[in-house]
2 protein chains.
Amino acid sequence: MAAQRKIPTPSDDEQRAGADLEDLVGYNLKRAYVIVSADFRRTLGMDGFGPRVFSALSLVVQYPNITQSELARMLGIERSGLVAIIDELEGRKLLKRIPVPRDRRVQALIPTDEGRAAYARARDAVRAHEAALLSDLTAEERETLLTLLRKIRQTED
Amino acid sequence: MAAQRKIPTPSDDEQRAGADLEDLVGYNLKRAYVIVSADFRRTLGMDGFGPRVFSALSLVVQYPNITQSELARMLGIERSGLVAIIDELEGRKLLKRIPVPRDRRVQALIPTDEGRAAYARARDAVRAHEAALLSDLTAEERETLLTLLRKIRQTED
DNA sequence: TATTGTTATACTCTATAACTATA
DNA sequence: TATAGTTATAGAGTATAACAATA
């Protein structure tokens, strides 16, 4: 016979109380992301790097001369949403918008020396914060997690 | 000697171009969540169920007589943010706020029959949509993913 | 006609602070 | 004093639609 459960007012015909949400990938993704992004902000917030600004700078550093349209596509957001992000990075002198002679609609984005340095510092801080936050996961588990998340991303929506 | 890379304008001293973001758990969590939640909205959007409303209804159905404060704590959001969600669910007659005699500050939340039925339908639809969206993952991979995400959640912020 | 960068606008989600009525 | 529910407010983040310049 099954033991009486102690969980607060468990109900009806489920195997585990509250199991519905716990078994959904979407719900668990959201909850996990909230924890990791909160830690990200705690780590880099004082440097004025939100996740979006950090991600955009990362790609500009790693793909100098990228355009805003290309960057938006890589980040999975709309072109219009990128304007404020680039404005901020340019205002802080971490990158420049450079006219491209052969197509005058386009402006290539290139990081400044200061941008490259600030990015390297931020990247190292983020890596350190993730390593500490996820220290309950073995290196293998962390790699497995990344592999599974990338597999979802390949779904390409 | 290393072969020349073909990736669009790869830069400097990284092993893989653009590898920085790809190796961060936070970035991959975010990208994966965007895909899953967009599919959620496509599936349940016409029924007027956003992720938040769905999650709240789920817990009210599974924990009848729960209070708003308890619910907020379980969902990891602020009490104030729950008011609009409960207003909407009550307005759609999917749950009721019931006064609790022994503590007149509190209102117990109980699902209506219609609320239970609507939730069961929505839950089944979400499960089906997740199964289809994540069909590239084996059952074992999906379980591993849930286990790892729950492990991050246990970090408890 | 199509595309790039841009602006204007609105909507979702969430947090903070303060109020009220109870305890 | 402390807590439950509530309101007001503000700030991210994102999307859609339209526009000017250019292709």
Side-chain angles (χ1 to χ4, degrees), chain A residues 26-27 29-31 33-38 40-42 44-45 48-56 60 65-91 95-110 157, chain B residues 26-27 29-31 33-38 40-42 44-45 48-56 60 65-91 95-110 157:
Chain A
Y27 181 75
L29 276 176
K30 169 69 168 292
R31 297 296 299 260
Y33 177 66
V34 166
I35 290 168
V36 175
S37 68
F40 183 103
R41 285 168 201 287
R42 238 178 282 119
L44 290 188
F49 278 121
R52 300 185 314 154
V53 172
F54 172 81
S55 299
V60 171
N65 291 303
I66 195 172
T67 67
Q68 284 182 223
S69 290
E70 289 166 345
L71 186 49
R73 187 170 30 74
M74 290 184 76
L75 290 173
I77 64 176
E78 291 297 314
R79 277 175 358 266
S80 61
L82 208 58
V83 178
I85 298 172
I86 301 301
D87 282 351
E88 184 186 329
L89 285 168
E90 190 172 40
L95 60 78
K96 285 184 196 169
R97 286 186 244 234
I98 304 289
V100 173
R102 50 142 228 235
D103 185 341
R104 306 219 311 281
R105 292 173 302 182
V106 174
Q107 296 167 245
L109 302 173
I110 61 164
D157 192 10
Chain B
Y27 181 75
L29 277 175
K30 169 70 168 293
R31 296 297 297 261
Y33 177 66
V34 165
I35 290 169
V36 174
S37 69
F40 183 104
R41 284 169 201 285
R42 238 178 283 119
L44 290 188
F49 279 121
R52 297 186 315 154
V53 172
F54 173 82
S55 299
V60 171
N65 290 302
I66 197 173
T67 67
Q68 283 182 222
S69 291
E70 288 166 345
L71 186 49
R73 188 171 29 76
M74 289 184 77
L75 290 173
I77 63 176
E78 290 297 314
R79 278 172 2 261
S80 61
L82 209 56
V83 177
I85 298 172
I86 300 302
D87 281 351
E88 184 186 328
L89 286 168
E90 190 173 41
L95 61 76
K96 285 184 194 168
R97 287 187 241 232
I98 303 291
V100 173
R102 49 143 227 234
D103 185 341
R104 308 219 310 279
R105 291 173 303 184
V106 174
Q107 296 168 246
L109 302 173
I110 60 165
D157 192 18

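Because the structure is predicted, anything quoted here is derived from the model rather than measured. So that the names make sense, note that chain A is the first sequence line, chain B the second, and so on, each numbered from 1.
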Query raised in the report: Expressed in angstrom and rounded to an integer, what is the separation of Q107(B) atom CD from dT3(D) atom P?
Result: 19 Å
**Report entry** Pair V60(A)-L89(A), side chain to side chain contact (heavy atoms under 4.5 Å, CB included): steps then yes or no
**Finding:** CA-CA 10 Å; V60(A) 171; L89(A) 285 168; 5.7 Å; no
Report task. Calculate the interatomic distance between E90(A) atom CD and dG5(C) atom P; express it in whole Å. Result -> 13 Å
Requested in this report: Starting from the 5' end of DNA chain D, give me the residue, R104(A) or S69(B), whose nearest nucleotide shows up first.
Outcome: S69(B)
Query raised in the report: Is Q68(B) near enough to dT6(D) that one of its side-chain N or O atoms lies under 4.0 angstrom from OP1 or OP2?
Result: yes
Query raised in the report: NA contact type, V83(A), heavy-atom cut-off 4.0 Å: base, sugar-phosphate, or nothing?
Result: base
**Report entry** Protein-nucleotide distance (R31(A), atom CZ; dC13(C), atom P), rounded to Å
**Finding:** 15 Å
Query raised in the report: So, is R97(B) close to the dT6(D) phosphate, meaning a side-chain N or O under 4.0 Å from OP1 or OP2?
Result: yes
Measure all distances between protein nitrogen or oxygen atoms and nitrogen or oxygen atoms of nucleotides 14-16 of chain D, and list the pairs falling under 3.5 Å.
unit_1	atom_1	unit_2	atom_2	d
dT14(D)	OP1	K30(B)	NZ	3.0
dA15(D)	OP2	E78(A)	N	3.3
dT16(D)	O4	S80(A)	OG	2.7

Requested in this report: Can you see which heavy atom on V34(A) is nearest to which on S37(A), and at what distance?
Outcome: O-OG, 3.4 Å
Requested in this report: Give a yes/no on whether any side-chain N or O of R41(A) is located under 4.0 angstrom from OP1 or OP2 of dG13(D).
Outcome: yes
**Report entry** Intermediate values then yes/no, side chain to side chain contact (heavy atoms under 4.5 Å, CB included), Y27(A) and V36(B)
**Finding:** CA-CA 9 Å; Y27(A) 181 75; V36(B) 174; over 6 Å; no
Requested in this report: Could you tell me the separation between the CD1 atom of I66(B) and the CG atom of L95(B), rounded to the nearest 0.5 Å?
Outcome: 11.5 Å
Query raised in the report: Which nucleotide, dT6(C), dG5(D), dT4(C), lies nearest any side-chain atom of R105(A)?
Result: dT4(C)
Report task. Return the value, rounded to whole Å, for the distance between atom CZ of R73(B) and atom P of dT14(C). Result -> 17 Å
Query raised in the report: Got a second to check how far F49(B)'s CZ is from L44(B)'s CG, nearest 0.5 Å?
Result: 7.5 Å
Report task. Go through dT22(D), dG5(C), dA23(C) for me and flag the one nearest to the D103(A) side chain. Result -> dT22(D)
Requested in this report: Mind calculating the distance between CG (L82(A)) and P (dT7(C)) to the nearest angstrom?
Outcome: 13 Å
Requested in this report: Could you tell me the separation between the CD atom of E88(A) and the C1' atom of dA12(D), rounded to a whole number of Å?
Outcome: 12 Å
Query - Atom pair distance, as rounded to whole Å: CD1 in I86(B) and P in dA4(D) - result: 15 Å
Query raised in the report: To the nearest 0.5 Å, how far apart are CG in L82(B) and CD in Q68(B)?
Result: 5.5 Å
Requested in this report: Would you check, one step at a time, whether the test side chain to side chain contact (heavy atoms under 4.5 Å, CB included) holds for T67(B) with Q107(B)?
Outcome: CA-CA 6 Å; T67(B) 67; Q107(B) 296 168 246; over 6 Å; no
Query raised in the report: So what does R79(B) hit on the nucleic acid, given a heavy-atom distance under 4.0 Å: a base, only sugar-phosphate, or nothing?
Result: base
Report task. Take the protein atom CG of L109(A) and the nucleotide atom C1' of dT6(C), then report the distance between them rounded to whole Å. Result -> 14 Å
